[in-house]
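Below is one structure; the comments refer to it alone.
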Amino acid sequence: MASNTLTITDNRTGRTYTLPIEDGTVRSLDMRQIRTGEDDFGLMMYDPAFVNTASCRSSVTFIDGERGILEYRGYPIEVLAENCTFLEVAYLLLFGKLPNKSELNAWVYEITHHTMLHETTRKFMEGFRYDAHPMAMLVSTVAALSTVYPEAKNVQDPANRLRQIKRLIAKMPTMAAMSYRHNVGFPYVYPDNDLSYTENFMNMLWRMVEPKYAANPVLARALDVLFILHADHEQNCSTNTMRSVGSSLADPYLAVASAAAALSGPLHGGANEEVLKMLNEIGSKDKVPAYIRKVKEGHIKLMGFGHRVYKNYDPRAKIIKRTAEQVFQVTGSNPQLDIALELERIALEDEYFVDRKLYPNVDFYSGIIYQAVGFKPELFTVLFAIPRSVGWLAQWEEMHRDPERKIARPRQIYTGERTRTFIPMEERAVAGAVSA
Ligand code: CMC
């Protein structure tokens, strides 16, 4: 018998099955042959939160959660954060190789020249309530781009897909900045093609009456590094959404809007905003032990801590911590940083966190930097969505090229009633007499 196989004995029938093992996995569909009789559907795998299920093959991002390793297309995240620009990394994620000089210049030119929004999109944004949350505005506006580029639905054409990918990467900062300007009641600022990707984003956020915006180079670089760190993270909740929605052949604007909606939740990209709220709630270093006690009693979660995959220090959090030091040299220190450092110090020594392998994740320090740079907390998750859209699109493109692609459609274990007798309205119990 081949050694790369799994032998299973079904104790219900006494039958034995041999299943192939490939890349450390067995195919769920191979389980279907394990049946008790003709009427039996066959065994399924039950994995409600995909805790131990590989949903695709991917060559975009590698994570070793036990060792705290993250690589994009085989390059360690530390090396990319040290040496590359965000658009260079975007090229790497999308095309699988680092661009040479002329490829990078052409790529930057293309992205820069797609940053404008159609006027109808600007007008669409004007319709939001004055205090609308920027993340909700971003999700809706990305979806609305589908109305501006109806040809995007031709997702079977690789050239068409690439055109939409460039548009999305270019327009995300423009929409994000407009959502912020709308929220604070300032007029929208149009893109400036002389500036880099992140400088232009800062320009669209913060230019007031000056004719030309000059970004602080340290802060612009810090933002670029943060964008690199957030660009992809294999099959997380929002990327899984992107692939799932994309698998129905929906257009990329609608798929990115869905992915961004998934990102907005506090257990995912929304955590950075929650971390800042938490640090404000704690208020001072001396209140940290009491807060940790509440976490251990199960009343609250320590936001920015823990990860489904990392059971070690999140390598992105390490880089962010270093970046924070550079930012604070420009902006001056931030009282929240002292509270965060104290939280981390106590948590990393505490049995509760040690036993559960809970370490700071990417969101723990990013919010503190964002705040120091001048971003409002409502914008933090938007700042995550801009770079992550590159990862979503790289994974979406990979999915379209995958010969095994099919519409995503999990199974269920049905727990409800069957074939009930219909009760006419006049015979049904009065309200309150039955529990729903
Ligand atoms: N604070 C306190 N306890 C925690 C935390 C936390 N932040 N995270 C996990 N635990 C506990 C959890 O209660 C459980 O304890 P027990 O075994 O006693 O029931 C144990 O650790 C295992 O946790 P889990 O809920 O099974 O882990 P998960 O893989 O389902 O959840 C997570 C991962 C990220 C949703 C979770 O750690 C969490 O809610 N963290 C806080 C929110 C956060 O920072 N999210 C950002 C994640 S990183 C960036 C991103 O994905 O966007």
Side-chain angles (χ1 to χ4, degrees), residues 80-91 99 101 104-117 122 125 134 137-138 166 169-231 272 319-320 322-334 336-337 365-387 389-390:
L80 296 173
E82 182 72 33
N83 297 291
C84 294
T85 63
F86 169 66
L87 282 186
E88 202 177 342
V89 170
Y91 185 101
K101 202 159 183 55
L104 181 62
N105 288 343
W107 173 242
V108 170
Y109 182 90
E110 287 261 32
I111 299 300
T112 307
H113 288 80
H114 277 295
T115 48
M116 283 291 284
L117 288 181
R122 191 184 62 78
M125 295 198 79
M137 280 192 264
L138 183 72
K166 287 176 189 167
I169 295 172
K171 292 179 205 306
M172 284 298 278
T174 316
M175 289 181 283
M178 283 188 178
S179 73
Y180 167 74
R181 302 282 292 200
H182 183 90
N183 183 269
V184 291
F186 291 148
Y188 303 144
V189 173
Y190 286 95
D192 180 342
N193 286 357
D194 292 340
L195 302 176
S196 74
Y197 191 79
T198 32
E199 285 171 341
N200 179 43
F201 178 48
M202 293 162 89
N203 158 64
M204 291 187 289
L205 284 169
W206 293 319
R207 185 156 73 82
M208 298 307 276
V209 292
E210 66 272 36
K212 190 93 181 159
Y213 182 79
N216 179 302
V218 176
L219 303 186
R221 177 62 194 156
L223 195 56
D224 220 45
V225 170
L226 283 160
F227 278 7
I228 292 171
L229 300 181
H230 286 86
N272 51 18
I319 303 170
I320 289 183
R322 273 205 308 276
T323 309
E325 285 159 18
Q326 291 154 10
V327 167
F328 291 138
Q329 278 176 12
V330 175
T331 62
S333 192
N334 181 321
Q336 273 91 0
L337 180 67
Y365 286 107
S366 62
I368 304 175
I369 304 189
Y370 290 147
Q371 196 191 39
V373 173
F375 294 106
K376 284 176 70 168
E378 296 78 37
L379 209 70
F380 291 178
T381 312
V382 168
L383 295 168
F384 195 153
I386 296 171
S389 58
V390 169

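FYI, the numbering just counts along the sequence from 1. Reckoned from all heavy atoms, side chains included, excluding hydrogens, waters and symmetry mates. All figures in this text were calculated on a predicted structure; none of them were measured in a lab.
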4.5 Å side-chain heavy-atom contact, [X] and [Y]:
{"X": "Val373", "Y": "Leu223", "result": "no"}
{"X": "Tyr188", "Y": "Leu117", "result": "no"}
{"X": "Val225", "Y": "Gln326", "result": "no"}
{"X": "Ile111", "Y": "Tyr91", "result": "no"}
{"X": "Phe86", "Y": "Thr198", "result": "no"}
{"X": "Asp224", "Y": "Arg221", "result": "yes"}
{"X": "Leu219", "Y": "Met202", "result": "yes"}
{"X": "Lys376", "Y": "Asn183", "result": "yes"}

Search all heavy atoms of [X] against all heavy atoms of [Y] and return the closest pair with its distance.
{"X": "Ala372", "Y": "Phe328", "result": "CB-CE2, 3.4 Å"}
{"X": "Leu138", "Y": "Ala385", "result": "CD2-CB, 3.8 Å"}
{"X": "Ala176", "Y": "Val382", "result": "CB-CG1, 3.3 Å"}
{"X": "Pro191", "Y": "Met116", "result": "CD-SD, 3.5 Å"}
{"X": "Asn272", "Y": "Ser366", "result": "CB-OG, 3.8 Å"}
{"X": "Ala170", "Y": "Thr115", "result": "O-CG2, 3.5 Å"}

>> Consider side-chain contact (heavy atoms from CB on, under 4.5 Å). Of Val327, Ile319, Leu383, Ile320, which one does Leu226 pass it with?
In response: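 In the set Val327, Ile319, Leu383, Ile320, the residue that makes a side-chain contact (heavy atoms from CB on, under 4.5 Å) with Leu226 is Ile320.
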Roughly how far, to the nearest 0.5 Å, is the [atom2] atom of [Y] from the [atom1] atom of [X]?
{"X": "Glu199", "Y": "Asn216", "atom1": "CD", "atom2": "CG", "result": "10.0 Å"}
{"X": "Ile228", "Y": "Thr85", "atom1": "CD1", "atom2": "OG1", "result": "6.5 Å"}
{"X": "Glu325", "Y": "Tyr365", "atom1": "CD", "atom2": "OH", "result": "9.5 Å"}
{"X": "Asn203", "Y": "Tyr190", "atom1": "CG", "atom2": "OH", "result": "13.0 Å"}
{"X": "Tyr197", "Y": "Met172", "atom1": "OH", "atom2": "CE", "result": "7.5 Å"}
{"X": "Glu378", "Y": "Tyr180", "atom1": "CD", "atom2": "OH", "result": "9.5 Å"}

>> Taking atom NZ as the centre, does Lys212 end up with more than 12 heavy-atom neighbours from other residues, nucleotides or ligands that are less than 6.0 angstrom away?
In response: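 Atom NZ in Lys212 is packed in, count exceeds 12.
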>> Under the ring pair (Phe, Tyr, Trp, His ring centres under 6.0 Å) test against Trp206, which residue among Phe186, Tyr213, Phe375 passes?
In response: Phe375
> Who are the side-chain hydrogen bond (donor to acceptor under 3.5 Å, both in side chains) partners of Ser179, not counting sequence neighbours?
Replying inline: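 Residues passing side-chain hydrogen bond (donor to acceptor under 3.5 Å, both in side chains) with Ser179: none at all.
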> Should Arg207 and Asp192 be marked as a salt bridge (Lys or Arg N to Asp or Glu O under 4.0 Å) after you check the CA-CA gap, both sets of side-chain angles, and the distance that decides it?
Replying inline: CA-CA 11 Å; Arg207 185 156 73 82; Asp192 180 342; over 6 Å; no
>> Using a 3.5 Å distance criterion without hydrogens, assess whether the side chain of Thr323 forms a donor-acceptor pair with backbone atoms of Ala222.
In response: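 Such a contact is absent between Thr323 side chain and Ala222 backbone.
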> Which class fits the ring pair Tyr370 and His230: parallel under 30°, tilted 30 to 60°, perpendicular over 60°?
Replying inline: tilted
